[in-house]
Each structure stands twice: as C-alpha cells, then as structure tokens.
Amino acid sequence: MDSKRPMLVIGFMLLGLSYGGSMSATASMSSTFFGQRHFAMDYAITVLELVPAAILGPLVIAQTEQATGTFTVAFWIFLGVALVAFGLAHIIREPYVPESMLRAKRELMAKETASSRTSLR
C-alpha cells in the first residue's frame with residue numbers, strides 16, 4: 001500500500017469536515033447574532049470570506065507544489081488554517097446586547113404582530 005494514501009484520505013476527510021459544516025454554521029451564527037430581519041444581507045456579508053479563499057487556495061497549492069514537487073506541504077498548510085478556524089469557532093461568543101435594546105425589540109415585535117393580526121381580519 002502506498003505510504004501517502006492514508007495521509008491523503010485523512011486530509012480529504014478533514015477538509016470535508018471543515019468545509020462541509022461552514023455554510024450551515026455561518027447561516028446559524030449570522031441568524032443568532034444579528035437576527036432574522038436583515039438575514040439575507042448579513043449572510044451575504046459573512047460568506048464574503050469565500051471569495052479570497054477561492055483565489056488564494058489554488059495559488060497556495062500551485063506555489064507549494066512548484067516549490068516542493070509535492071502537494072503534502074499544501075495539505076499541512078490548510079490543516080493548520082483549519083485548526084486555527086476550529087479554535088476561533090470555539091472562542092466566539094454571542095455579542096452582548098443591552099437589556100434596553102432587547103426590550104425595545106420585543107415591543108416592536110409585539111406591535112408588528114398585533115398590526116398583522118388586525119390587517120388579516
């Protein structure tokens with residue numbers, strides 16, 4: 001058996017785990033942190049990280065392959081980036097919202113609910 005094959009399989013498994021959950025985690029965090037009112041715009045802003053990743057990822061892979069003759073270094077680089085992202089995801093906390101803003105939001109939602117009920121009659 002090729003000695004590089006297990007490392008390649010593990011690398012792809014870690015890549016799949018880190019990328020596969022990113023879209024749903026981003027949507028969930030965006031909704032939780034910023035609410036549903038402007039969800040589409042908030043989500044669009046939070047996924048802008050995909051643009052530089054789509055540009056820089058292939059460049060890093062190409063440069064490391066040309067410099068070393070193997071893709072192994074690129075996998076280690078991306079493993080490091082994934083571990084940093086994993087660590088950051090575990091220290092991010094929901095932003096603090098003052099009680100006065102929460103009260104105002106609840107009052108606004110109550111008014112909107114009441115007005116929508118009267119318009120349906």
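- Hydrophobic cluster membership differs between W76 and V81, with clusters built from Ile, Leu, Val, Met, Phe, Trp and Tyr side chains linked at under 4.5 angstrom.
- Note that CZ of F75 and OG1 of T64 are 9.5 Å apart. Values are rounded to the nearest 0.5 Å.
- For the side-chain contact (heavy atoms from CB on, under 4.5 Å) with S30, the lone residue among I45, T46, V47 that qualifies is T46.
- Rounding to the nearest 0.5 Å places CZ of R37 at 9.5 Å from NZ of K105.
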Item to check | Steps toward side-chain contact (heavy atoms from CB on, under 4.5 Å) verdict (Q63, V73) | outcome: CA-CA 10 Å; Q63 292 294 324; V73 176; over 6 Å; no

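- Under the 4.5 Å side-chain contact rule for hydrophobic residues, I77 and F71 share a cluster.
- Side-chain contact between D42 and Q36 is absent, with no heavy-atom pair separated by less than 4.5 Å.
- The aromatic rings of F39 and Y43 sit parallel to each other, their planes meeting at less than 30°, with 60° as the upper class boundary.
- Closest of all the heavy-atom pairs between A53 and P58 is O-CD, 4.0 Å.
- Under the 4.5 Å side-chain heavy-atom criterion for Ile, Leu, Val, Met, Phe, Trp and Tyr, F34 and I92 are members of the same hydrophobic cluster.
- Taking the ring centroids of H90 and F86, they lie under the 6.0 Å cut-off.
- Atom-to-atom distance recorded for L108:CG and T113:OG1 is 9.0 Å, nearest 0.5 angstrom.
- No side-chain heavy atom of T70 sits less than 4.5 Å from a side-chain heavy atom of E65.
- How far CG of L79 is from CD1 of I10: 10.0 Å, rounded to the nearest 0.5 Å.
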